[in-house]
Amino acid sequence: MRAKNHLYTALQAIVADLDLEWPARTTIEPPKEKKFGDMAANIAMVLAKPAKRNPRELASLIAEKLIEDPMIDNVEIAGPGFLNITFSVDFWRSTIAIIEERGESFGSIDQGKGKKVQVEYVSANPTGPLHIGHGRGAAVGDSLARLLRFAGYDVHTEYYINDAGRQMLILGQSVLFRARQIEGEDLPDPEDFYRGDYIKDIAQEVLEQHPDLLKKDDALEVCREYALNQILDGIKTDLAEFRVEHQNWFSERSLVTAGAVEKTFNRLKEAGLAFEQDGALWFRTTEFGDDKDRVLRKSDGSLTYFASDIAYHDNKYDRGFELNVDIWGADHHGYVPRMRAAVEALGKPKDSFDVILIQLVNLLRNGEQIAMSTRAGQFDTLEEVVKDVGCDAARFMFLSRKSDSHLDFDLELVKQKSMDNPVYYVQYANARICSVLRKAAERGIAVPEKATPEILSAIKEASELDLIKLLDQFEDVVDSAARQLAPHQISFYVQELASALHSFYANNPILNAKDENVIAARLCLLQSVSKVIRNGLNLVGVEAPESM
RNA sequence: GCGCCUGUAGCUCAGCUGGAUAGAGCAGCCGCCUCCUAAGCGGCAGGCCACAGGUUCGACUCCUGUCAGGCGCACCA
């Protein structure tokens with residue numbers, strides 16, 4: 001980032017000097033090949049047309065000025081007019097001192113400028129334990145929240161509890177039904193009930209607490225409330241085990257009782273966007289590009305899920321969130337256009353609402369698919385999976401793929417402590433560094449307190465500089481990942497860095513180096529690498545053990 | 001029928017708002033531990049970026065169409 005920023009400022013000054021406008025399509029990025037230098041800029045090419053000049057000619061003009069910069073060692077013009085820039089060794093050396101100084105906060109940026117963002121995720125109906133699909137959403141949501149915080153946003157996380165609808169009723173009925181069976185009533189299994197073992201457990205517990213349950217008038221309500229609380233507690237525990245935390249748990253019921261839904265209806269009516277027809281209340285979402293209008297209040301007087309969802313989002317805006325990110329299962333994608341329509345109807349900017357769709361997780365064991373269905377009661381719960389493969393491995397797996405692609409989650413593969421499993425590869429890189437530091441202490445080799453310019457002056461080899469250049473890119477990755485709401489980019493970066501470290505480690509002696517100045521400098525370098533790996537892993541919520 | 005997502009090496013996937021010779025891991029083959037952790041490193045091989053057009057200095061990336069897979073199209077949640 002520092003290299004990129006440095007070039008940006010330098011180039012902007014030069015362009016202004018030439019009396020030209022800064023072209024929006026300028027890119028400054030590390031080139032694929034080392035022979036093209038540390039950074040490549042396409043500025044001369046994108047500037048050529050508006051300036052009505054030959055790109056290579058412009059390039060040499062810019063190069064002449066750029067080379068005067070003391071931080072820049074070399075500028076070359078290549079191909080159709082690329083500027084290939086090489087920074088001085090001193091410029092790179094100082095990166096280590098910067099990382100050391102910034103520590104935990106190295107990599108954090110001010111992209112968000114304190115913008116208030118809400119990330120709402122998981123929000124699974126509290127009708128049963130979380131399964132692995134929820135786990136993916138949980139990992140992505142949690143990591144996204146960490147990432148956005150790191151990128152300078154004021155992030156609030158929330159779980160929306162659908163505790164008001166029909167599903168809750170069915171849940172209560174399911175528990176009551178099991179309770180009756182336990183009490184000896186001979187009943188056939190109904191079709192659309194929840195029938196997992198957890199329902200029986202809950203029924204058993206309710207009966208223990210209320211021996212006279214079946215005689216109560218409010219037996220159904222008792223069952224429903226008890227089940228809701230039990231299941232919600234279970235969900236909270238499972239999430240905590242998965243290192244996922246929501247700052248706020250928002251109840252749908254609280255919305256309904258507070259009259260928020262009616263308030264939202266009125267807003268829509270006033271805007272002429274809600275109308276009565278066939279005894280139902282409709283929302284004219286077609287005004288905003290939806291393919292049909294949607295019902296808010298059914299003709300039987302009950303509310304649709306959509307209605308309370310609009311009210312919920314209205315409420316988010318009332319709480320001052322400038323950006324609302326929802327993380328949904330991809331099977332809800334048809335719901336996105338109408339929700340966008342609702343946001344627009346409420347008079348909020350289009351880009352203040354975003355949805356990340358999480359594609360299906362295919363749970364496999366040794367390549368064979370395991371079926372999942374909450375209703376049928378045969379599923380692998382998140383709890384089981386986390387216990388089985390470990391939190392780190394599970395999280396890293398979920399975050400090693402962009403969220404809109406399908407994910408094969410093979411329990412055996414994720415469990416393997418081998419090269420098939422990138423999470424260990426990354427953790428091992430850090431553990432190796434820690435090991436070297438331990439070894440240094442054993443051998444009585446002093447690890448420098450501070451990476452001073454004198455110590456760093458021993459850094460001169462390409463292998464060392466390459467590592468540093470990669471460290472400098474961490475902030476760029478954070479920037480890009482946050483902008484695109486794509487935490488998986490962090491996983492990939494951290495793997496790349498681990499790979500560079502392993503390679504460096506294998507090919508360069510550290511404690512065994514001949515020169516003690518080199519040893520000191522390399523120890524500083526390794527500490528920086530370790531710091532960046534840890535900061536990166538922290539963003540995906542994976543631990544960095546000191547030994548493995 | 002309409003809409004959304006996906007299609008990149010044998011397998012699992014990256015590829016940032018279009019940039020130089022398309023990358024990684026695994027699997028395969030060949031090497032590397034008297035030395036800081038071999039959960040590692042180096043090398044070889046592997047590609048019509050689903051297909052066909054278009055846009056431009058330049059396309060895996062953008063547009064159109066076709067094909068294939070997944071998902072969704074309720075006064076369900």
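Computed over heavy atoms, backbone and side chain alike; hydrogens, waters and symmetry mates excluded. Just so it is clear, the structure is predicted and the values come from calculations on it, not from any experiment. So that the names make sense, note that chain A is the first sequence line, chain B the second, and so on, each numbered from 1.
A:Pro55 comes within 4.0 angstrom of no nucleic acid atom, judged by non-hydrogen atoms across all strands. When heavy atoms are screened at a 4.0 angstrom cut-off, A:Gln495 is found touching no nucleic acid atom at all. Counting non-hydrogen atoms under 4.0 angstrom, A:Asn508 reaches a base of the nucleic acid. Residue contacts shown for A:Ala486 are absent, as no nucleic acid heavy atom lies under 4.0 Å away. Using a 4.0 Å heavy-atom criterion, one finds that A:Asn84 contacts the bases of the nucleic acid, with or without backbone contacts as well. Residue-level contact check: A:Asn42 touches the bases, meaning some heavy atom is under 4.0 Å from a base atom. Residue contacts shown for A:Ser302 are absent, as no nucleic acid heavy atom lies under 4.0 Å away. Heavy atoms of A:Asp278 sit under 4.0 angstrom from at least one base atom. Within the nucleic acid shown, A:Phe492 comes within 4.0 Å of sugar-phosphate atoms alone, with no base atom in reach, counting heavy atoms only.
Using C1' as the reference atom, B:U61 and B:G1 are 31 Å apart when rounded to the nearest Å. Taking the C1' atom of each, B:C44 and B:C48 are spaced 24 Å apart, rounded to whole Å. The same atom, P, is picked in B:A20 and in B:G15; the two are 16 Å apart, to the nearest Å. When the P atom is compared between B:G69 and B:G31, the two are found 44 Å apart, to the nearest whole Å.
The listed nucleotides are B:G19, B:A20, B:A77; the one nearest the side chain of A:Arg166 is B:A77. Closest contact between the side chain of A:Lys402 and the listed nucleotides B:C41, B:A20, B:G15 involves B:G15. Distances from the side chain of A:Met548 to the nucleotides B:G42, B:A39, B:A20 place B:A39 closest. Side chain of A:Ser503, nearest nucleotide from B:C41, B:C5, B:U17: B:C41. Distances from the side chain of A:Arg401 to the nucleotides B:C41, B:A14, B:C76 place B:A14 closest.
Residue A:Leu470 contributes atom CG, which lies 14 Å from atom C1' of B:A24 at whole-angstrom precision. Look at CD on A:Glu29: it is 10 Å from C1' on B:G18, rounded to the nearest Å. Computed from coordinates, the A:Gln489 CD to B:G23 P distance equals 19 Å when rounded to whole Å. Here B:G40 presents its P atom at 19 Å from CZ of A:Phe504, a figure rounded to the nearest Å. For A:Met1 and B:C16, the CE to C1' distance is 12 Å, given to the nearest whole Å. Taking atom CD1 of A:Ile356 as the reference point, atom P of B:C5 lies 15 Å away to the nearest angstrom. Atoms CZ (A:Phe283) and C1' (B:C75) sit 16 Å apart, rounded to a whole Å. Atom CG in A:Asn421 sits roughly 15 Å away from atom P in B:C13 (whole-Å rounding).
For the pair A:Leu147/A:Leu485, no side-chain contact is recorded, criterion being any heavy-atom separation below 4.5 Å from C-beta on. A:Pro126 places a side-chain heavy atom less than 4.5 Å from the side chain of A:Ile161.
Remark: A:Asn125 pairs with A:Thr127, A:Asn162, A:Gln167 by the side-chain contact (heavy atoms from CB on, under 4.5 Å) rule, at least two apart or across chains. The side-chain hydrogen bond (donor to acceptor under 3.5 Å, both in side chains) search around A:Asp314 returns A:Thr264, A:Arg267, not counting sequence neighbours. By the ring pair (Phe, Tyr, Trp, His ring centres under 6.0 Å) test, A:Phe396 is found to be paired with no residue, residues two or more places apart in sequence or in another chain being considered. For the ring pair (Phe, Tyr, Trp, His ring centres under 6.0 Å) test, residues two or more places apart in sequence or in another chain that qualify with A:Trp22 are A:Tyr8. Considering only residues two or more places apart in sequence or on other chains, A:Tyr312 meets the ring pair (Phe, Tyr, Trp, His ring centres under 6.0 Å) condition with A:Tyr160, A:Phe250. Residues passing the ring pair (Phe, Tyr, Trp, His ring centres under 6.0 Å) test with A:His6, sequence neighbours excluded: A:Phe87, A:Phe91.
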ring-ring contact (aromatic ring centres under 6.0 Å, His included) between A:Tyr425 and A:His502, intermediate numbers included: CA-CA 9 Å; A:Tyr425 184 83; A:His502 286 310; 4.7 Å; yes

message: Before you tell me yes or no, could you show the steps for A:Phe265 and A:Phe283 under ring-ring contact (aromatic ring centres under 6.0 Å, His included), namely the whole-Å CA-CA distance, both residues' side-chain angles and the distance that decides it to 0.1 Å?
response: CA-CA 9 Å; A:Phe265 284 178; A:Phe283 176 18; 9.5 Å; no

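Base orientation of B:C71: anti (glycosidic angle beyond 90° from 0).
Classified by interplanar angle (parallel below 30°, tilted 30° to 60°, perpendicular above 60°), the ring pair A:Phe474/A:Phe150 is tilted.
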Cut-off 3.5 Å, no hydrogens considered: what does the side-chain donor-acceptor table look like for residues 491-498 of chain A, sequence neighbours left out?
{"unit_1": "A:Ser491", "atom_1": "OG", "unit_2": "A:Leu399", "atom_2": "O", "d": "2.7"}
{"unit_1": "A:Tyr493", "atom_1": "OH", "unit_2": "A:Leu470", "atom_2": "O", "d": "2.7"}

Less than 3.5 Å apart, which donor and acceptor atoms pair up between the side chains of residues 510-521 of chain A and the rest of the protein, not counting sequence neighbours?
{"unit_1": "A:Asn512", "atom_1": "OD1", "unit_2": "A:Arg443", "atom_2": "NH1", "d": "2.9"}
{"unit_1": "A:Asp515", "atom_1": "OD1", "unit_2": "A:Asn517", "atom_2": "N", "d": "2.7"}

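Counting only N and O atoms by type, the side chains of A:Gln173 and A:Tyr194 include no donor and acceptor under 3.5 Å apart.
Once the 5.5 Å centre distance and the 30° plane angle are applied, the aromatic ring of A:Tyr425 is found not to be stacked with the base of B:A39. In this pair, A:Phe36 lays its aromatic ring flat on the base of B:A20, centres within 5.5 Å and planes under 30 degrees apart.
Where A:Asp300 and A:Leu357 meet RNA chain B, the nucleotide closest to each residue was compared, and A:Leu357 sits on the side nearer the 5' end. Where A:Asn162 and A:Asn512 meet RNA chain B, the nucleotide closest to each residue was compared, and A:Asn512 sits on the side nearer the 5' end.
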Protein and nucleotides 55-60 of chain B: nitrogen or oxygen contacts under 3.5 angstrom:
{"unit_1": "B:G58", "atom_1": "O6", "unit_2": "A:Arg25", "atom_2": "NH2", "d": "3.2"}

Between the protein and nucleotides 68-74 of chain B, list every N/O to N/O distance that falls short of 3.5 Å.
{"unit_1": "B:C71", "atom_1": "O2", "unit_2": "A:His333", "atom_2": "NE2", "d": "3.4"}

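Contact check of residues 431-444 of chain A against RNA chain B (heavy atom, cut-off under 4.0 Å) returns A:Ala431, A:Arg432, A:Ser435, A:Val436, A:Arg438, A:Lys439, A:Arg443.
Interface remark: the A:Lys35 side chain does form a donor-acceptor pair with the B:U21 base, using a distance-only criterion of under 3.5 Å. Looking at A:Ser299, its side chain comes within 3.5 Å of the base of B:C75 through a donor and an acceptor atom.
Between A:Glu461 and A:Arg522 there is a salt bridge, since a side-chain N of the basic residue sits under 4.0 Å from a carboxylate O of the acidic one. Salt bridge status for A:Asp466 with A:Lys34: present, with a side-chain N to carboxylate O gap under 4.0 Å.
Judged by the 6.0 Å and 45° rule, A:Arg340 forms no cation-pi pair with A:Phe353.
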- line: Applying the Watson-Crick and G-U criteria (both distances under 3.5 angstrom) with [ ] for crossing and | for other-strand pairs, one obtains for RNA chain B (((((((..((((.....[...)))).(((((.......))))).....(((((..]....))))))))))))....

